[in-house]
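Quick notes on the structure that follows.
We number each residue from 1, following the sequence as shown. Atoms within a ligand are numbered from 1 in the order they appear, just like the ligands themselves.
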Amino acid sequence: MKTFCGRANPTTGSMEWLEEGEDYDYHQEIARSRYADMLHDKDRNVKYYQGIRAAVSRVKERGEKAIVLDIGTGTGLLSMMAASAGADFCYAIEVFKPMANAAVKIVEKNGFSDKIKVINKHSTEVTVGPDGDMQCRANILVTELFDTELIGEGALPTYEHAHKYLVQEGCEAVPHRATVYVQLVESKRMWSWKKLFPVHVEAEDGEKILVPPSEMENCPGVPSVCDIQLNQMPSSDFTTLSDVVTMFSVDFSKPVQSASTYYRVQLEPVKSGKAQIVLSWWDIDMDPSGMINCTMAPYWVKPTSALQWRDHWMQCVYFLPNEEPVLQGEKLYLTACRDEYSVWYNLQKAREGENKADGEEHKAAVRLESPVCRCRAHLLWNRPRLGELNDQNRTHQYIKSLRKVLKTDSVCLCISDGSLLPVLAHYLGAKQPSRTDLYHPHELWQAFFKANHLEDKIKIIEARPELLKPSHLEDKKISVLVGEPFFTTSLLPWHNLYFWYARTAVSTHLASNVTVLPQSASLHMMIVEFQDLWRIRSPCGICEGFDVQTMDDMIKDSLNFRESKEAEPHPLWEYPCKSLSDPQEVLTFDFTKTLPQHCLSTEGSVNLLRKGKSHGAVLWMEYHLAADISVSTGLMQMSSEKGNCEWNPHCKQAVYFFSSVIESEILSDPTAVTYAINFDTKTGEIAMDFKL
Ligand code: SAH
């Protein structure tokens, strides 16, 4: 089997695919996996254990042997729970080889080898019979195959197959049932992830308003789920327009159908407003009575939800195809359509005198096909990026800076993906701004320019910076080089330093007195204590009485693989943390000069000023656009008293988890953390090391 691993090269801004051989070790997948987070999810584990005990008892009460099928066993946890609860035998299926191997070790270490058979197969490949993987069909079906959208990891086809071939009719299932809930909301913040709002520019000759092309207005967007930590969304950022409504449920103890279908509910808005967003989450009942319930309900529905933090299951944000004004008390139909792996929503108004049964006949009006972006804008601008482009404060900083540097005869070149800077530059006076993007959705830009009467005003250069020729620029020298900088392939904050590589590549085209905007960038760093995020990389040890240290060791080995512990990207607005040190500028990058040949390194120490656990360091970039104007892709604000941080809501920051945590007390002589940080200009990567 060949494995291809994608990696963006920050020195070229493009994706590279490396083919890995048979012996590919999956270190990246294991290091960044969600297994640790699941093992730390006490609420989930406790409820699975209760549900499994109850199911085993019910089977035993019927005088049957309890034969368990655990699909997707991972560490073997649920099978070990079943065996401890008295199950006679467990078949533990796991498709991912490194995990199946780990499960064998963990099962053995916990003394269950005679009760649990680990099978390294996809469940649909499992055979039943005297010579098969399973001797007989199981009468208890245990799985945990759910993602935030419930069905995105393929739970439905897996259940469908299992009921046909692997379990007995009338089997017990843990969980017994899943239910999906929805709530209709209006939210400018979340809607800004789907639409491009008009951009207002105060130009010399009056106000200009940049509008999205009409194709974008009616585009349903992309089908991928938008999953977020909804508990971090302040209630001031949305208005609920409906009560919480049960959308659909799935009984896992009965045959399951995975074929595409739809579910429809009638609802009456509790408030008038603009219906834009459907918020959704699910719960699972571990047993038929519904007494053992594990829910993803957000804080305003279930006030204790913050106590059960988890990252492997969050909440979903669905975008309606169009914004719909709704009136309090009017009758609406909300339709959830789903295929095997994903869900999407539509809203219709009920006609006068229509009741629910009649409404069924209007299914032809429902958009049953899955959303596909036709306008291409949603392919160019993903949701956080749209949010960023819609951020008026940010745009204002760029406008202010452009105004400072542009002259009427400026020849302006923009290097950034999907940037609106060339349009802003045009409005603010540049002669004929040009742009070079790494991804060129030509039709989109044509439509965009047309909608704003900008045809022939901005030139798109379809050449990579290093291939730029004088003819592209009509033999003119660039007097203003701009970038946000932003590139779609960037994963970590410093990957946007590709701007520096590109700037270096176009050097011969720059006028001697060129202005580069941003003029420089700086890397900033701070030591933090996470409220919860630490769990995803922290060893678990014993989980519900089972020794899962083998898993901890495996993750640790993968994290330390080739001694290259790396920073990882996380959108910290979703993951609260407290600063334990002051933010510190650690490296600067001078875009007015070309990229140096040598590495840029720094060493130093940072004092821990507050009491707390040092889980890791957070790093981000700040761009210095022009004199006195900077934008931060990380820390926006910090309360000096408690150290609570406010992060840029559109960007991911880099998190470097320390391998061991230190606890600092308030000290008159504060503890220091020493660091060494190195930007390798050859690879575009930043390596770091910390000593506590
Ligand atoms: N049961 C474990 C792990 C759950 S994670 C626990 O609750 O802690 C889900 C696991 O299921 C992953 O390891 C994934 O590789 C595996 N998996 C998903 N679908 C599968 C299928 N159809 N057959 C076998 N393994 C599957």
With a 6.0 Å cut-off on ring centres, are Phe530 and Tyr575 close enough? no
Are Arg264 and Tyr262 in a cation-pi setup, meaning NZ or CZ lies under 6.0 angstrom from the ring centre and within 45 degrees of the ring axis? no
Write out the protein residues near ligand 1, meaning a non-hydrogen atom under 4.0 Å from one of its atoms, in order of chain and number. Tyr35, Met38, Arg44, Ile71, Gly72, Thr73, Gly74, Leu78, Ile93, Glu94, Val95, Phe96, Lys121, His122, Ser123, Glu144, Leu145, Thr158
Can you run down the salt bridge (charged side-chain N to carboxylate O under 4.0 Å, His left out) pairs that involve residues 157-184, sequence neighbours left out, and say none if there aren't any? Arg58-Glu172, Arg62-Glu172, Arg177-Asp285
Under-4.0 Å salt bridge between Lys105 and Asp553: no
Please, which pairs that meet salt bridge (charged side-chain N to carboxylate O under 4.0 Å, His left out) have at least one residue in residues 106-126, sequence neighbours excluded? Lys109-Asp547, Lys121-Asp133
side-chain hydrogen bond (donor to acceptor under 3.5 Å, both in side chains) with Arg537: which residues, sequence neighbours excluded? Glu568
